[in-house]
There are 2 protein chains.
Amino acid sequence: MVISKFITRKKAETPEETEQFSQLPIEKKERITEAFINEFAKKGFRAASMNKIVERAGISKGSLFNYFNSKNQLFMYVYKVAFERVKEYLREVREETKDEEFFTRFQKIMEAGVTFIQKHPKLARIYYRILYTGDSPEGATILRELHAESMKFIGSLVKQGVERGEISAEIDVDKAAFILESVLNRFLQVQNQNVLDPSLNLYGASSEESERWIEELVTLLRNWMGESSNEPV
Amino acid sequence: MVISKFITRKKAETPEETEQFSQLPIEKKERITEAFINEFAKKGFRAASMNKIVERAGISKGSLFNYFNSKNQLFMYVYKVAFERVKEYLREVREETKDEEFFTRFQKIMEAGVTFIQKHPKLARIYYRILYTGDSPEGATILRELHAESMKFIGSLVKQGVERGEISAEIDVDKAAFILESVLNRFLQVQNQNVLDPSLNLYGASSEESERWIEELVTLLRNWMGESSNEPV
DNA sequence: CTTAGAAATGACCATGTGGTCAATCTATGA
DNA sequence: TCATAGATTGACCACATGGTCATTTCTAAG
């Protein structure tokens, strides 16, 4: 019966939405997508229940499996949606802060990150979940892409900062990018995960509190790595 | 039948090992614990299968549920074991590097982290998993404790560094600790999660490569925040 | 109003889950 | 040798899972 494995396979599993699903009325599509995101954000991939999703979305199971061939494909679709939104957002921020001085720019990027998480906490949860559960191998692929983009983004900022003389010229660009990316990532993480936040009181903090934190962090970083710093070893 | 809920409850669920389990021959205990760790590291809490664990450990299901009252309690036990080992390790490193200069100390701590992950990759996986799955609420409690410890640890290092004049005195200790902790954490994360490592080539890197990376990172940090740095704003 | 084709449905399936417990085995002491 | 108490077992349970598909419902053209 090995052959049947190949014969009965319906379609390749792509992250793309099925034709049938894409042709649905927008309102219904959105309601369903919302239900997907909620369930995956709450439970992660593996524990997410197709039955619950069906229930939340108010459609029948048969329909769901007409729209998507498998749980995996459904997840890939959700993930792709989230991914696109994040990329879009990154692009906007980069454009908006194009002419700012390096550290001001970095500060605004951090603030934008906070805003994004506050606006889309569910998507953030999905992102942070997939990172470590590693449930869905294809998800990992997309994630790698996303992360690479983020590193490239920060890396280019740093390089530009050096060229403009806003950052000490002798600095190792890659390492500096790594450090900045670490701080940025960690900060957003703490905003999103109360587990990590026993003493900082940043989880669920107000925008004002977050912004003050960011400002102080950036001030610190600026004094450390700003171009007026001492000569390197 | 609400009452039965309380009457039939066997024991409070503590992370402690059961009396019965603790009295097992050490060899058997270790074999079983190993099986636990393997399964949880591979699948995470929710997807880990008690049946598989039983199979791996070579014991019967009845025995397993004699040793631990529930999957949750079993997980708590495993987690506690891992937690103790990490704490123990942290303590050692702190003691060993007591008299070093701040940045040298920080460097050694990073190296120690890498070593730990290389020695106990499974435990690291469990740690990184539980972070975001949030499956087990009690697990989150322990995790918070661990993280708080790590922050306290780095915080005290920084304070000491300032007192000794190895770090610029005007620096905000909390923020500096946050930054250092971010970098440390991120670095270890990248070592452990290939998803995060598209360009850095640190995942599964040799000790030598890791150490060179660490050295360069620390050099950078030292030049930025070392006491010979420029005056703060 | 009829009817053909598409869309939606939910009962159903095999499989796997965490957890139980009466029956069996084992080791010790008399 | 037997009796007894504790440890060990695995068949068994109710339930949930992802996925299927024969049937019903909807829709729109003739």
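So you know, we letter chains A, B, ... as the sequences are listed, proteins then strands, and number each from 1.
Annotation: A/Phe21 is in aromatic contact with A/Tyr77 [ring centroid separation under 6.0 Å].
With sequence neighbours left out, A/Leu188 forms a side-chain contact (heavy atoms from CB on, under 4.5 Å) with A/Val114, A/Ile117, A/Tyr128, A/Leu184. By the salt bridge (charged side-chain N to carboxylate O under 4.0 Å, His left out) test, A/Glu88 pairs with A/Arg91, sequence neighbours left out. Applying the side chain to side chain donor-acceptor pair (under 3.5 Å) test to B/Lys71 and every residue at least two apart in sequence or in another chain returns nothing. The salt bridge (charged side-chain N to carboxylate O under 4.0 Å, His left out) test applied to A/Glu111 returns no partner, not counting sequence neighbours. Partners of A/Val93 by side-chain contact (heavy atoms from CB on, under 4.5 Å), not counting sequence neighbours, listed by chain and number: A/Tyr89, A/Thr97, A/Ile109, A/Ala112. Residues satisfying the salt bridge (charged side-chain N to carboxylate O under 4.0 Å, His left out) test with B/Lys108, not counting sequence neighbours, are B/Glu100. Remark: B/Ala82 engages B/Leu123 in a side-chain contact (heavy atoms from CB on, under 4.5 Å) (not counting sequence neighbours). Scanning for salt bridge (charged side-chain N to carboxylate O under 4.0 Å, His left out) contacts around B/Arg94 gives an empty result, with sequence neighbours left out.
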Chi angles and distances behind the side chain to side chain contact (heavy atoms under 4.5 Å, CB included) call for A/Glu209, A/Trp213 = CA-CA 6 Å; A/Glu209 287 175 285; A/Trp213 246 91; 5.8 Å; no
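Between the CZ atom of A/Phe65 and the C1' atom of C/dT9 there is a distance of 14 Å, rounded to whole Å. Rounding to whole angstrom units, CG of residue B/Asn66 and C1' of C/dG18 are separated by 15 Å. One interatomic measurement links the two molecules: CZ of A/Phe75 to P of D/dG18, which rounds to 14 Å at whole-angstrom precision. When the P atom of D/dA5 is taken as reference, atom CD of B/Gln20 falls 17 Å away, rounded to whole Å. Summarising the geometry, the separation between CD1 on A/Ile59 and P on C/dT9 is reported as 8 Å, rounded to the nearest angstrom. Rounded to whole Å, atom P of D/dG19 lies 8 Å from atom CG of A/Asn72. Here D/dT17 presents its P atom at 15 Å from CG of A/Leu74, a figure rounded to the nearest Å. Rounded to a whole Å, the CD1 atom of A/Ile53 is 14 Å from the C1' atom of D/dA16.
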Expected rows: protein N/O vs nucleotides 10-17 of chain C N/O, under 3.5 Å:
from, atom 1, to, atom 2, distance (Å)
C/dG10, O6, A/Gly62, N, 3.1
C/dT17, OP1, B/Ser49, OG, 3.1
C/dT17, OP2, B/Asn51, ND2, 3.0

So which protein nitrogen or oxygen atoms get under 3.5 Å of nucleotides 23-26 of chain D's nitrogens or oxygens?
none

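Proximity of B/Lys28 to the phosphate of D/dT8: a side-chain N or O atom is located under 4.0 Å from OP1 or OP2.
Distances were taken from every side-chain heavy atom of B/Gln23 (C-beta onward) to each of D/dG19, D/dA7, C/dA8; the shortest belongs to D/dA7.
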Pairs under 3.5 angstrom only: tabulate donor-acceptor contacts from the side chains of residues 52-61 of chain B to other protein residues two or more places apart or in another chain.
from, atom 1, to, atom 2, distance (Å)
B/Arg56, NE, B/Glu39, OE1, 3.0
B/Arg56, NH2, B/Glu39, OE1, 3.4
B/Ser60, OG, B/Ser63, N, 3.2
B/Ser60, OG, B/Ser63, OG, 3.3
B/Lys61, NZ, B/Asn51, OD1, 2.7

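Within residues 33-41 of chain A, no residue places a heavy atom under 4.0 Å from DNA chain D.
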